Amino acid sequence: MQETKLCPRCRKQRDLKDFAGKAGLLKSCRPCLDLAVTTNRRRRERIGAVGVRAANLRDKYGITAEDYDALRLAQGYRCAICGRHEDEIPASGAGRPRRDGQPAAPAFRLVVDHCHATRRVRGLLCAGCNAAIGHFRDSEVTLLAAIAYLRNS
Ligand SMILES: [Zn+2]
Ligand SMILES: [Zn+2]
């Protein structure tokens, strides 16, 4: 019977009870996970909401906060497909309430849409349009078929 398990993070052979999670064994040991939570929280506190957003834009889309704002301006603060103004778009994913009691950063209502194949940023969309083209798997052929279907029915 295996009594210990190797943690891939700290590379220590640890007691199985150090891997006890709510639903079975955790991948990394509890001390490593606790440390990661603290480190992430410290980092968020250090760089602030603006820094977190900048890091997200950079990591996910390779653009800066200035690039995002330039796109918003270029699109007149509207979704590039349905044309809804960002003030009319319901906030989605307003983020978790902050532990320090400060108000959460305002949610961004226009999401960055990028081509999954080339990673190129195409523009900003409301969450609905972004999900819609995702459901059509970014396929022109399928979208045109959907239009033809709507016209014929
Ligand atoms: Zn560990
Ligand atoms: Zn839209």
Side-chain angles (χ1 to χ4, degrees), residues 1-46 53-95 99 104-153:
M1 199 178 94
Q2 191 194 16
E3 295 284 313
T4 61
K5 176 174 143 73
L6 180 72
C7 170
R9 289 196 195 213
C10 58
R11 307 198 169 279
K12 279 182 190 152
Q13 200 73 34
R14 286 181 180 275
D15 213 86
L16 278 189
K17 70 171 165 45
D18 288 332
F19 295 90
K22 279 186 192 123
L25 283 184
L26 302 163
K27 209 169 162 224
S28 303
C29 73
R30 178 60 62 191
C32 277
L33 291 179
D34 289 346
L35 180 66
V37 167
T38 312
T39 308
N40 285 339
R41 186 164 69 231
R42 289 226 180 91
R43 177 172 168 270
R44 281 198 305 273
E45 281 165 5
R46 183 164 43 81
R53 176 178 172 239
N56 281 342
L57 288 172
R58 186 193 60 226
D59 296 348
K60 282 162 92 175
Y61 309 112
I63 64 171
T64 64
E66 289 74 26
D67 293 334
Y68 178 89
D69 286 333
L71 273 171
R72 273 168 89 209
L73 183 65
Q75 293 184 196
Y77 303 92
R78 291 176 184 280
C79 169
I81 293 180
C82 70
R84 262 195 306 177
H85 193 274
E86 60 180 10
D87 289 347
E88 302 159 16
I89 300 168
S92 64
R99 280 165 180 268
F108 292 92
R109 292 161 193 233
L110 291 172
V111 300
V112 180
D113 170 55
H114 69 277
C115 171
H116 290 97
T118 65
R119 315 275 308 148
R120 186 179 64 85
V121 170
R122 287 185 294 221
L124 304 179
L125 299 176
C126 74
C129 289
N130 190 45
I133 60 166
H135 288 143
F136 282 106
R137 296 179 298 279
D138 296 6
S139 163
E140 263 181 66
V141 173
T142 310
L143 281 161
L144 287 169
I147 294 166
Y149 168 83
L150 288 174
R151 284 192 176 151
N152 288 331
S153 56

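What you see is a predicted model; the values in this text were computed from it and never measured. Counting starts at 1 for both ligands and their atoms, in listed order.
The shortest distance between side-chain heavy atoms of L25 and L16 falls below 4.5 Å. Looking at heavy atoms from C-beta onward, F19 lies in side-chain contact with R14 at the 4.5 angstrom threshold. For the pair V111/L124, no side-chain contact is recorded, criterion being any heavy-atom separation below 4.5 Å from C-beta on. When side chains are defined from C-beta on, I133 counts as touching I81, because their heavy atoms get closer than 4.5 Å.
Here the Zn ion (ligand 1) has protein N, O or S atoms under 2.8 Å from it, and they come to 4.
A donor-acceptor distance shorter than 3.5 angstrom exists from the side chain of D67 to the backbone of T64, with no hydrogens or angles considered. The backbone N or O of H116 sits nowhere less than 3.5 Å from a side-chain atom of H114 that would complete a donor-acceptor pair.
Cation-pi geometry between R53 and Y68 is satisfied (NZ or CZ under 6.0 Å from the ring centre, within 45° of the ring normal).
Under the salt bridge (Lys or Arg N to Asp or Glu O under 4.0 Å) criterion, the residue pairs touching residues 137-147 are R122-D138, with sequence neighbours excluded.
Within a radius of less than 2.8 Å around the Zn ion (ligand 2), the protein N, O or S atoms are C79 SG, C82 SG, C126 SG, C129 SG.
Looking at residues two or more places apart in sequence or on another chain, you find a salt bridge (Lys or Arg N to Asp or Glu O under 4.0 Å) between R72 and D69, E86.
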